[in-house]
There are 2 protein chains.
Amino acid sequence: MTTQQTQDYLKAIYELASDHKTVSTTALAEHLFLTPASVTGMLKRLAVQKPALVRYKKHQGVQLTSLGEKMALQILRQHRLLETYLVEALGYSWDEVHEEACRLEHAISEQFENRIDAVLGRPQRDPHGDPIPSSNLEIPMDRSRPLSEFRPPQKAVICRVNGKDPALLRRLDKLGMIPGASITIVDYSELDQVLSIRIGTREPTCSVGSTISRQVLAEELLEPPAGDSQPS
Amino acid sequence: MTTQQTQDYLKAIYELASDHKTVSTTALAEHLFLTPASVTGMLKRLAVQKPALVRYKKHQGVQLTSLGEKMALQILRQHRLLETYLVEALGYSWDEVHEEACRLEHAISEQFENRIDAVLGRPQRDPHGDPIPSSNLEIPMDRSRPLSEFRPPQKAVICRVNGKDPALLRRLDKLGMIPGASITIVDYSELDQVLSIRIGTREPTCSVGSTISRQVLAEELLEPPAGDSQPS
DNA sequence: AAAATAATTTAGTATATACTAAATTATTTA
DNA sequence: TAAATAATTTAGTATATACTAAATTATTTT
Ligand SMILES: [Mn+2]
Ligand SMILES: [Mn+2]
Ligand SMILES: [Mn+2]
Ligand SMILES: [Mn+2]
C-alpha cells in the first residue's frame, strides 16, 4: 500500500520540479515542513522500493520515475478535484480548501473521485486556476508567467495563483485578483518592485509588492494592432 | 493528536458495548480484524494515556471513559453523516458507503462536518437507519429488537440494519427490507428459524434465516384494538 | 477439583516515519 | 586554492502500531 506520506512526498516533488528538473533535499524539506535528515531517509526508501518511485543519488537531488510521476499526478488530480468540489458544492472559500483537500486526497476512493468529477462536470481548473489532470493523467501546460515579470503597459489575464497561504488568498480575493480577471499594468517601481495594476476597469488601481506578484501567474494579452473587435 | 487507529478502536468499543457493558479483547480483535495480542497492546496504551480514553484491567475487558465515549460519538457522527452524504449527494448505494466513510471519517474537519450536516438538513438517521449523534453528541435510543425475536402474527416497522456486509445489504435492498418498511410476520419455523415475512402488501412473502433476521432491527407495531383510524 | 479448552497477556520483533547531533560533501568567497 | 559557509547525509534514537510464538490466566468439562 502507498501511504499518505509517500503520496505527499511524490506530490511535493512533482510540484517543485517544474519541467523535469531535479529537486533538492532542502527544498523538499521546506515544502513539507520536515527536517532535511528526515527527507533524506524517505527518499532512500522511495528510491529503493520495487518498483522505484524516484531516482535518487546522494547530493544530487531526486526525480520522479515515470511510475512516481503517475502517482503524483493521480494524487494531484484528487487534490484539485476536491478543492473544486469543496468550493462548488460545499461553499468553502478558496483560502479554506487546501488543508482540507490535503487530508481528504489520501482517503477517497476512485469511485468518490469519479462521482465528484461527474457532479462538477469534469472541471479543467481548480479554484486557484491550477489545471486538473484528466482521468488519464494528462495535464495541460499553459504559458503563464509570474506577474512580477510584467511591465507597463502590458495587459494580461490572471490565470492562476501559486501558494496556499490563506492570508495571501484572502488578500487577492479582496483585490479581485482572481483567475479570469483582466488586468493592465499601469506602473512599476524599480526600487521596491511594486507593480500598479488596474483590475478590469476598476478604480483606483492597486499596488502589489513582489511577494504577491511572484505568486500570481498571468498570460499576456496582446493588444490587437488595429480595429475594435473583441479578441477571441 | 488522536490517530485513525485510536478513533477506530474507540468507535469499535462503543459499538460493541451495548449499554455500558465491558468489551472483551477477542470481540474487539474480531471486529477490527486484528490479533488479540495487538488489541491488548493498544488497550494498554489507551488506558495509560492522560487523559485516559478507556478503563482497562487485565482479563476484564475495557470500557470507555467519558472522554473516550465523547470521542467515539464524535467519530460515529462523522461516519454516519458521511454515509448519508454519500448516498444523498453522490449517488452511492447503501452497501457501498461503509468502507468509504470509515476512511473519510478520520480526514474531515469540523467545517466539513458542519457543511454536509447543513446540506443534508441535519439528518437524524443514516442510510442503514442508525441514529446520527447530534452536534452535541446526544444519541436517541430506540426500542427496536432484532427481527429474529418476532413471531407471527406480529406487525412491525423495520428501523435499522446492523452489519456492513455489502452482500447482505444488497440482498435486503432487493427484498425491500429497508428502514421504514412495514412488515407482517406470517410464519415461523422453529426447526430452521426461518421467518416468513410480508413486506408491505407485497406478494409473495419472503423468507429469511436467522443470519439475516438477527441483523435487521424492527419496532413492533401494535394493532389498534378497534376502529380504523391511522395510528399516530 | 483436575484436566482440557478458551481467552488473554507477555516477550520479542518488524515497519514506517520522524527527530537531533555529528560528520561529511559541495559550493562560494576571499 | 584555502577557508568559510551551505547543503546533505549518517548514526543513533523515538513513537505508534502491528505481528508471532510462548506463557499465563480464566472458564468449562469431566
Ligand atoms: Mn496530503
Ligand atoms: Mn489548488
Ligand atoms: Mn475508520
Ligand atoms: Mn451506517
Side-chain angles (χ1 to χ4, degrees), chain A residues 1-13 16-17 21-65 67-68 71-72 75 99 102-103 105-107, chain B residues 1-13 16-17 21-64 67-68 71-72 75 102-103 105-107:
Chain A
M1 249 301 285
T2 146
T3 66
Q4 168 158 345
Q5 280 69 227
T6 295
Q7 296 178 331
D8 280 339
Y9 269 87
L10 295 176
K11 185 152 62 82
I13 296 170
L16 293 174
K21 282 195 290 279
T22 236
V23 177
S24 75
T25 305
T26 331
L28 262 177
E30 259 161 41
H31 191 90
L32 294 166
F33 300 99
L34 299 172
T35 63
S38 304
V39 171
T40 299
M42 184 64 162
L43 292 181
K44 285 163 128 175
R45 250 173 277 133
L46 294 176
V48 129
Q49 76 181 64
K50 301 189 331 161
L53 301 179
V54 304
R55 267 181 295 279
Y56 166 73
K57 281 163 93 182
K58 278 187 204 179
H59 297 103
Q60 297 182 211
V62 258
Q63 285 187 307
L64 297 173
T65 62
L67 174 59
M71 290 174 57
I75 203 76
E99 232 190 276
C102 195
R103 272 178 285 105
E105 66 193 357
H106 312 289
Chain B
M1 250 303 286
T2 147
T3 67
Q4 168 158 345
Q5 279 69 227
T6 295
Q7 295 177 334
D8 280 339
Y9 269 86
L10 294 176
K11 184 152 63 82
I13 296 169
L16 293 174
K21 282 194 291 280
T22 236
V23 177
S24 75
T25 304
T26 329
L28 262 177
E30 258 161 42
H31 190 91
L32 295 167
F33 302 99
L34 298 173
T35 62
S38 304
V39 172
T40 300
M42 184 63 162
L43 292 181
K44 285 163 128 178
R45 251 173 277 130
L46 293 176
V48 126
Q49 75 181 65
K50 304 188 332 162
L53 301 179
V54 304
R55 267 180 296 278
Y56 167 74
K57 279 163 90 183
K58 278 187 206 180
H59 297 102
Q60 297 184 211
V62 258
Q63 284 186 306
L64 296 174
L67 175 59
M71 289 175 56
I75 203 76
C102 195
R103 274 179 285 105
E105 66 193 358
H106 312 289

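Chain A is the first sequence line, chain B the second, and so forth, proteins listed ahead of strands; every chain is numbered from 1. Values reported hereafter were calculated over all heavy atoms of this structure, with side chains retained and with hydrogens, waters and symmetry mates removed.
Spacing between atom CZ of B:F33 and atom P of D:dC19 amounts to 12 Å, rounded to whole angstrom units. Rounding to whole angstrom units, OH of residue A:Y56 and C1' of D:dT9 are separated by 7 Å. Atom NZ in B:K58 sits roughly 9 Å away from atom P in C:dA11 (whole-Å rounding). In this structure, the CG atom of A:L34 is 5 Å from the P atom of C:dA18, given to the nearest Å.
With a 4.5 Å cut-off on side-chain heavy atoms, A:I75 and A:H106 count as touching. Looking at B:L34 and B:Y9, their side chains come closer than 4.5 Å, going by heavy atoms from C-beta outward.
Heavy-atom neighbours of B:Q49 CD from other residues, nucleotides or ligands within 6.0 Å: above the threshold of 12.
Taking a pair to require two hydrogen-bonding distances under 3.5 Å in either a Watson-Crick or a G-U wobble arrangement, C:dA6 pairs with D:dT25.
Test B:V54, B:L16, B:V39, B:T22 against B:V62 for side chain to side chain contact (heavy atoms under 4.5 Å, CB included) and you get one pass: B:V54.
Between the side chain of B:R55 and the backbone N or O of B:L64, at least one donor-acceptor pair lies under 3.5 Å. No donor-acceptor distance shorter than 3.5 angstrom exists from the side chain of B:T25 to the backbone of B:T40, with no hydrogens or angles considered.
Of the residues in residues 35-51 of chain A, A:P36, A:A37, A:T40, A:K44 come within less than 4.0 Å of DNA chain D through at least one heavy atom, sorted by number.
At D:dA18, one or more side-chain N or O atoms of B:Y9 fall inside 4.0 Å of OP1 or OP2 (strictly under the cut-off).
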